[in-house]
Amino acid sequence: LIWEYAPIQKWRNSFSLYYNQVTDQIVLGIDSVSGLNQLQNKGNLKIFGQELESRYYFDAKNSIYMNATFNKTKVQAVFDTNPTTRAVFQVPGTGLNQGGLADRKFNIGADLLFASHWSLNLRGHYMSDRDVSQLAPYDPLLYPATAVLPSGLLASSAKQADAYFTADAV
């Protein structure tokens, strides 16, 4: 669902809502036969979100913009990798955590054209902290607090990835 609004010709704004269901989310697990790390399709996610965008055009070739995205993500189920049982495990945090996705993201930037031949893109990106407890790497020497759950998913002392801001120019 998208709504757009332009109070004046040079200024465009939009608001959108979205809903997404992810089946067979890829997570890092342990192979039940070899005991090695393995990427596995083990989970289902439901994602609901909204995005706000605004762009102001100084002229046809130069503009500034900002956007913000807000997500609410829930892990619905985590599956056993045994194809005959496909049992659903209730992993701690299931239904509550973010499935590795940040719930807030912001961007700000400028698109500029000089002398009809040179362009400059200035951008800043912010991403909020996020739950990574089900995506943590498994190495008992580096992560001694890491444990393998009955579902084959990894539980680790690494529960959150920190928020960050980056800036770049192209």
Side-chain angles (χ1 to χ4, degrees), residues 1-29 37-79 81 91 93-139 142-143 153-154 156-170:
L1 176 65
I2 298 174
W3 177 74
E4 290 190 12
Y5 175 67
I8 59 175
Q9 187 174 359
K10 292 183 173 192
W11 186 21
R12 303 187 62 89
N13 302 283
S14 67
F15 172 76
S16 61
L17 293 173
Y18 57 88
Y19 175 76
N20 190 12
Q21 289 183 307
V22 177
T23 56
D24 293 329
Q25 178 195 20
I26 298 173
V27 296
L28 184 62
N37 293 345
Q38 183 182 58
L39 294 174
Q40 302 169 344
N41 299 90
K42 287 193 167 189
N44 292 342
L45 297 176
K46 286 188 179 180
I47 304 166
F48 174 76
Q50 57 194 0
E51 183 177 34
L52 303 166
E53 295 182 54
S54 186
R55 184 180 287 264
Y56 182 81
Y57 294 89
F58 297 108
D59 54 44
K61 300 174 184 174
N62 298 288
S63 65
I64 56 174
Y65 65 89
M66 60 84 45
N67 62 51
T69 303
F70 304 93
N71 289 317
K72 182 68 176 170
T73 304
K74 291 195 178 212
V75 175
Q76 295 303 120
V78 178
F79 298 105
T81 54
V91 174
T94 297
L96 300 174
N97 64 18
Q98 303 162 331
L101 301 175
D103 62 352
R104 295 176 312 280
K105 298 176 209 160
F106 302 96
N107 297 295
I108 188 167
D111 296 323
L112 308 168
L113 184 68
F114 299 99
S116 297
H117 298 289
W118 299 96
S119 65
L120 176 64
N121 258 154
L122 302 171
R123 298 180 293 232
H125 310 279
Y126 167 81
M127 184 177 294
S128 67
D129 59 345
R130 60 200 184 281
D131 177 2
V132 293
S133 59
Q134 293 182 356
L135 307 174
Y138 177 69
D139 184 332
L142 296 175
Y143 303 95
L153 280 179
L154 304 177
S156 172
S157 57
K159 301 290 184 196
Q160 290 287 114
D162 292 334
Y164 64 87
F165 180 82
T166 62
D168 55 56
V170 180

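Every heavy atom of this structure was used, including side-chain atoms; hydrogens, water molecules and symmetry mates were not.
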Value rounded to 0.5 Å, distance of CD1 in Ile108 from CD1 in Ile64
7.5 Å
Restricting to side chain to side chain contact (heavy atoms under 4.5 Å, CB included), what partner residues turn up for Glu4, sequence neighbours left out?
Ile2, Arg12, Ser14
Taking the side chain as C-beta and beyond, is there a heavy-atom pair between Phe70 and Phe48 under 4.5 Å?
no
Sequence-distant partners of Thr69, side chain to side chain contact (heavy atoms under 4.5 Å, CB included), two or more places apart
Tyr18, Glu51, Asn71, Lys105
To the closest 0.5 Å, what do you measure between OH (Tyr57) and CG (Asn62)?
11.5 Å
From Thr23 OG1 over to Lys46 NZ, what is the distance, rounded to the nearest 0.5 angstrom?
12.0 Å
Nearest atoms (heavy-atom pairs only) where Ala163 meets Tyr126:
CB-OH, 3.7 Å
Do the rings of Phe58 and Tyr56 sit parallel, tilted or perpendicular, given the 30° and 60° boundaries?
perpendicular
Roughly how far apart are Asn67 CG and Phe106 CZ, rounded to 0.5 Å?
9.5 Å
If you look at every heavy atom in Tyr65 and Ala110, which pair is closest and at what distance?
CE2-N, 3.8 Å
Taking the side chain as every heavy atom from C-beta outward, state whether Phe15 and Gln50 have any pair of such atoms under 4.5 Å apart.
yes
Trp3 and Asn13, any side-chain heavy atoms less than 4.5 Å apart
no
